[in-house]
Amino acid sequence: MIRQYELVERVRKYNPHVDEDLLNRAYVYAMKAHGAQKRASGDPYFSHPLEVAAILTDLKLDDATIVAAMLHDIIEDTATTREEIDHLFGPQIGKLVEGLTKIEKLDLVSKKAAQGENFRKLLLAVAEDVRVLLIKLADRLHNMRTLHFVPTEKRARIAEETLDIYAPLAGRMGMQRLREELEGLAFRHLMPEAYRTIEARLHDLRAKNGRIIKRIEKELAEEFARRDIEAAVSGRQKTPYSVWRKMERKSIAFEQLSDIVGFRIIVGELEDCYRVLGVVHTKWPNVPGRFKDYVSTPKQNDYRSIHTTVIGPGHQRVELQIRTAAMHEIACFGIAAHALYKDSGSVEGKEELAKESSAFRWLQETLELLTHGDSPEEFLEHTRLELFQDQVFCFTPKGGLIALPRGATPIDFAYAVHTKVGNSAVGAKINGRIAPLLSQLQNGDEVEIIRAEGHMPPAAWESLVVTGKAQAAIRRATREAVRRQYAGLGSQIVRRAFERAGRAISDEKLKSALPRLARGSVDDMLAAVGRGEIYSGDVVKAVYPDFREERKPAPKTIEPGEPGWFGVKKSSNLVFKVPGAGDEVDAIPIRGLHGDVPVRFAADGGAVPGDRIVGILTPGEGITIYPIQSPALTAFDDQPDRWLDVRWDLDGDKHELFPARIVATAINEPGTLGALATVVGETGANIDNISFAAHSPDFREMTFDLEVADLKHLNDIIARLRGSPLVSKVERVNG
Ligand code: MN
């Protein structure tokens, strides 16, 4: 166990102004508080917080962090209270310890909902003060180092949580060294077989690789010396876990791994990075596509380095990382390397840190998502996605840098700039050229977003974007638009219901009725009426309790010839009958069929030109044509020989019409049917049959059998009907 004076000495090495008295008091206090408690290893419990403090001295952290580390389990495991810690060590340390207590028992690999909620709590505690995260990570590291003492059944959960959450989080904060050790330890516990196999092979290779490493180190050092470049070259074998990841990611065998040796070249000045790169590329051919310049555009976790791969001696692939000593410090220790946290008094430094460290900024932005009421599962999904994904770097036209996960689209870019920009995005220019909004952005792309005020993002975008921010914003905008639409519809229905009842209506009156309808706002209530959840007559009754509704009018059937019955074929009756439907017709314009086989359209729904279609062969009967999206096709899934590849074969001169069926849900009112029929008639389509179903007292479901020219024509009808204020929903039916 580290002695009291040893701990103080470790801190003094990097901080001459160490508060020796504070450290000593914390040491003695924690030792006494934990008393005779023992760890699973049989060691005194106090050895754990002490080791955690020691790990943090390696990161050269401030006194408050070291003291809080020594006290981190004290509220959870002993009788000590927050007030007592505040009193003895000050509120800053008290707050850190309390933050750690809050996240002590969080289970991050349990059922999905709880896991998301817990992850959220973890990030919230950490956002208060990033030092909570640093202590938590050191705590986890020590627990992982001593995991073999813990009962077997508990190990897997802790190791899994480490690999899933804590190691990526350390990486995201730029703390590569800590991340590597956490990963290595977790890998060893979770997949002992894989670990042993890879470790054994790496061990065999060590002798051979050792010679190559020495040789390359020497050759490079000589080249640099000849050019007066000061550079420290060090080579090493990769870790078992990184080898495993590579085997897994590329699904290749160990023998196929060409680069298990990596070199690091540390230089003094920034421009030396590029001089070294020049030397390396002159000496050996580089592998195309492997060069990455994270010096000019750092990673989101502040990592800076030049990466390249060359074909070295003996045709071996050699990976090189080139960076300055200062960049190296950040590459190893990440956010912990930040000068502001090396001294005390860093509370007001928090804002400064936020400005300078993009890793911390990421943390803050992630937390912003929390305030927008996403469900915990959604939140977890987004955040973990972003935790693991690689980055691409793009620029705004003014040269601002926007880092996005790989696979991001201009829509993600727009939302990363601002939610308003995302919501109003209608197009994009990538490097000066108009490009689809769904293009995949590449490193270095300059992206200009074309906007139209008042435009709303289509709901379908949600599944096409990759950033949590864009997903959340699109979902909010869609939800809001749909709600507004229903509220508009509901407002009409309610207004007319009051008119029919001959009663006055006003906002105040509606407001007074809200409690009786169990709704929070008038808008809410109107949207509920629009969705058919509340019957408009009940709203009238809620405002005028004395109101007695007359017998509800029976659904009115409109006969052909009545007013409003436009565009309907006079010959229609309730039989579904269109050219080709159900009948054998030679003239069906389908290609891909031979001989005299009878062909017909599927009876329900039909197919129209523009639909992708398939033919289903029924021996002895003929071929039935279905649109590819028809659910009826599932019945033939297991009979592949009955499927025929067919195509439309249209004669441009003939203006044939084809059967299609749609269902519209519309306000139940006299005149509605006539109005809808007019909309259809205006497009030049025929209505062959209409049938009704009562949906709720306020709505009726109308099924239209139509004859249309093609898919575009059909979609036009659907769009126009959807645009009608009387309609809440229109869908195409495929039989
Ligand atoms: Mn602990």
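Both ligands and their constituent atoms are indexed starting at 1 by order of listing. Computed from a predicted structure; not experimentally measured.
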Checklist entry - Is there a donor-acceptor contact under 3.5 Å linking the side chains of H17 and D63? => result no
Next on the checklist: For the residue pair R131 / Q92, report whether a side-chain donor-acceptor contact shorter than 3.5 Å exists.
Outcome noted: yes
Tell me which pairs pass salt bridge (charged side-chain N to carboxylate O under 4.0 Å, His left out) where either residue lies in [range], with sequence neighbours left out.
| range | value |
| --- | --- |
| residues 44-58 | R10-D58 |
| residues 75-89 | E76-K105, R82-D86, R82-E98 |
| residues 145-154 | R145-E181 |

Next on the checklist: Using a strict threshold of under 4.0 Å (side-chain N to carboxylate O), is an ion pair present between R201 and D204?
Outcome noted: no
Next on the checklist: If we only look closer than 2.8 Å, how many protein N, O or S atoms does the Mn ion (ligand 1) have near it?
Outcome noted: 4
